[in-house]
Amino acid sequence: MTALQRPLIAEAPQSAAACAHCGAVLAPGQGRFCCNGCEAAYGLVSGLGLDAFYRRRESADGALRPEIAAPSFDALPLIRDDADGMKSLNVMISGLTCGACVWLVEQALAAEPEVTKARVSFAARRLDLRWRGDAGRGNELLGLLARLGFRTAPYSPACLRANEDAEGRALIRALGIAAFGAMNVMLVSIAVWVGEDMGAHTREMMHWLAALIGLPTVLVAGMPFYRSAANALRAGRVNMDMAVSLGVLATAGMSLIETFRNGPYTWFDGATALLALLLAGRVLDRAARRKARQAVAELLALQDGMVTLLAPNGTARLVPSAAVEAGQRLQIAMGETLRLDGRAAVETLLDTAATTGESLPRGFGAAAPLPAGAVNMGAPFTLEVTTPVRDGSLAAMARLLESAEQAKGRFVSIADRAARFYVPIAHAVAAATFLLWWLGFGVVWQEALVNAVCVLLITCPCGLAIAVPAVQVVASGVLFRRGVLVASSTALERLASADCAVLDKTGTLTEGRPVLIPEAQALEVLRAAAAMARASRHPLAKALLRACPDAPLAPDTVEIAGQGLQSGAARLGSPDFCGIAGMTDGMVLVYRATDGAPVIFRFADRLREDAPEAVAALKRLGLSVELLSGDGPGAVASAAIAAGIADWRAEADPRAKAAHIEALKAQGRHPWRPAHLHFMIHAPGHRKLVTHVFDRADTYLD
């Protein structure tokens, strides 16, 4: 008998004040539950044998209150058929308030015999579900979650970003309040510190002014810590926020007592400054983590938008890319981005730089697989879709990046683990200090309390609370000033264990854009060819124009998609277009005037001058170096030889690159895949290795 078939068991503990399921306040005589939905959900949790949820739950704010007629959506179009015959589904789930909610969702779904995987990402609010059997079970499993009070919706990064923005604004608001309060309290406190001859009435006025500013600041700005500490207490555990909250509140309380007594000093400045420092650490840590997820958003942006769908009768209409299924046909205009994977019945010319980083457009033969994210650089064509958006290559890469971003490093949670032992010991020492001074030494309890609060502040694990974000941000800032952009909060940690470097070619070993190789062409010929090149967006045409930037636009220049340019009888383009057969080198343009001989312009993506030295430096560090590129074998081989790399691989698309990285991991290696690499020369004989880690590169660090 599955959980969907078990009878509801509506036996709840007696409670006169709060709903037994969601914790909402009950009206007199309302009973044990606030609504029928909560009564049914409580019975389902009990029927599953998951009553431990109520002991684990850290918050009860009504978010788990099920609606009697919960709105739902049809999950069937979102269900994927995996290669092993399993069904999989990714949805957003709302109503998660703590780790206990994650535990309940995973345990409730795991109780179903056909479910093989139910994993919830609390940070992403995402449920990854896999099961055996019929696809229709997806709706039933989501219905089970609705009965528990959780709401599901199709996974939408835009909605997730909106939720993250709201949480981020709340943190920044708290930081602003804390910083404002700390600065103003500090001005008042400085006057007390330096005013040795200040009268008692003046000092009392200063104390009350500090309390007027400091108390609201402590109460409002410290709410993120107080909520976390209260949740931990409800769950019967301790965390760092509990120590921080107790230290801040004890300092504020002791300062208020000293204000009433008109003591020599108060410590509102310390409490507010501590809150500002801790909140700044959290804001910076959140910013670093959000930056790591930008790569996924950029990938998904390539597949979002409207496409031109061709109906069987030949009519065309604009539809969202997510509504297109495999087998349907799309009209792809020149310069349009392919938002879905597919095939074309004709030869195509695509710019795949967005996903492969190739410096030049690449030709694809008829019926060859065409990748999503590429830009059509040739004539319009009809695309037959092979996979929908949810199963396409861009979605697959996004899932790889999300998996890498969600993976936890070895040191990420060390502060919380240390706090489990550190916090109780620190509190015990503070309590012993109070008792010792009060009962042992016979001092008044106010002075004993001051000493105890001092011990509490000194032993407060504030360093642990800000160590991870502070070190991350400081290190990232130093590296940025030296030319390094760190886009992942765990990149440095993973980099420390790297034992091999897997380099890309375009933009990493090379400059990333083609340049004209100076040869013996006449200046008049170069100027005439550049004048025609001004009418094209092709990378080689742009490189030719850079060699002669003052050339005017040739009159009546027409671009023939996929072949070249024509102005009257003059032509500029591919060798075949200009009458030269058998030339396969893709880094050339041929110019042919009305009756003249063809002139060949050769281009190269030049190797960085310091690339060989950079590769040699990596080898001296003990790293093995590989070259993994999406370009052709000829270009990759020449770059590898020039840079001193023996192990190279060409024509590797993003999925092949990711598969190679995973293969290295399976061999026990720790690969490092930087996106840009070069040396900066600061002084003669002194070179500093500078590695740019952007885009998706650092997600492959391990």
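These figures come from a predicted structure and were not determined experimentally.
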Looking at every heavy atom in both T217 and A178, which two are closest together, and how far apart are they? CG2-CA, 3.8 Å

Scan the side chains in residues 242-254 for donor-acceptor partners under 3.5 Å anywhere in the protein, sequence neighbours excluded, and list what turns up.
residue, atom, partner, partner atom, Å
S245, OG, F225, O, 3.2
S245, OG, D241, O, 2.7
T251, OG1, G247, O, 2.6

Please report the interatomic distance OG1(T152) to CG(L145), rounded to the nearest 0.5 Å. 6.5 Å

Are the side chains of L212 and F268 in touch, meaning some heavy atoms are under 4.5 Å apart? no

With sequence neighbours excluded, tell me which residues meet side chain to side chain contact (heavy atoms under 4.5 Å, CB included) with M183. none

Taking the side chain as everything from C-beta on, heavy atoms only, tell me whether L109 gets closer than 4.5 Å to V105. yes

Can you measure from CD (E204) to OG1 (T259) and round to the nearest 0.5 angstrom? 9.0 Å

Taking ring pair (Phe, Tyr, Trp, His ring centres under 6.0 Å) as the definition, give me every residue that meets it alongside W445, ordered by chain and number, with sequence neighbours left out. none

Ring pair (Phe, Tyr, Trp, His ring centres under 6.0 Å) filter on Y265, not counting sequence neighbours, yields none

Not counting sequence neighbours, list each pair that qualifies as a salt bridge (charged side-chain N to carboxylate O under 4.0 Å, His left out) and has a residue in residues 248-261. E258-R261

Is a side-chain donor or acceptor of H207 paired with a backbone partner of G263 at a separation under 3.5 angstrom? yes

Residue pairs fulfilling ring pair (Phe, Tyr, Trp, His ring centres under 6.0 Å) with at least one residue in residues 177-199, sequence neighbours excluded: none

Please name the pair of heavy atoms, one in C500 and one in L664, separated by the smallest distance, quoted to 0.1 Å. SG-CD1, 4.2 Å

Would you confirm whether N262, through its side chain, and A200, through its main-chain N or O, come within 3.5 Å as a donor-acceptor pair? yes

How long is the gap from CG on L175 to CG on L278, to the nearest 0.5 Å? 10.5 Å

Going by side chain to side chain contact (heavy atoms under 4.5 Å, CB included), name the residues that satisfy it together with V220, two or more places apart in sequence or in a different chain. I177

Exercise: identify the closest heavy-atom pair between M206 and V188: O-CG1, 3.2 Å

List the steps and the verdict of side chain to side chain contact (heavy atoms under 4.5 Å, CB included) for W267 and L274. CA-CA 11 Å; W267 301 276; L274 180 60; over 6 Å; no

Hey, what do you get for CZ (F150) to CG (L127), rounding to the nearest 0.5 Å? 11.0 Å

Can you name the nearest heavy-atom pair linking L279 to P224, along with the distance? CD2-CG, 4.3 Å

When rounded to the nearest 0.5 angstrom, what distance separates OG1 in T266 from CZ in R203? 10.5 Å

Can you see which heavy atom on A211 is nearest to which on P216, and at what distance? O-CD, 3.8 Å

With sequence neighbours left out, write down each residue that passes side chain to side chain contact (heavy atoms under 4.5 Å, CB included) with A666, or none if nothing qualifies. none

If you measure from CZ on R130 to CG on N90, what distance do you get to the nearest 0.5 Å? 10.5 Å

Which atom pair, heavy atoms only, marks the closest approach of A271 to V218? CB-CG2, 4.0 Å

Taking only residues two or more places apart in sequence or in another chain, which ones pass side-chain hydrogen bond (donor to acceptor under 3.5 Å, both in side chains) with D128? K117

Partners of F434 by ring pair (Phe, Tyr, Trp, His ring centres under 6.0 Å), sequence neighbours excluded? W438

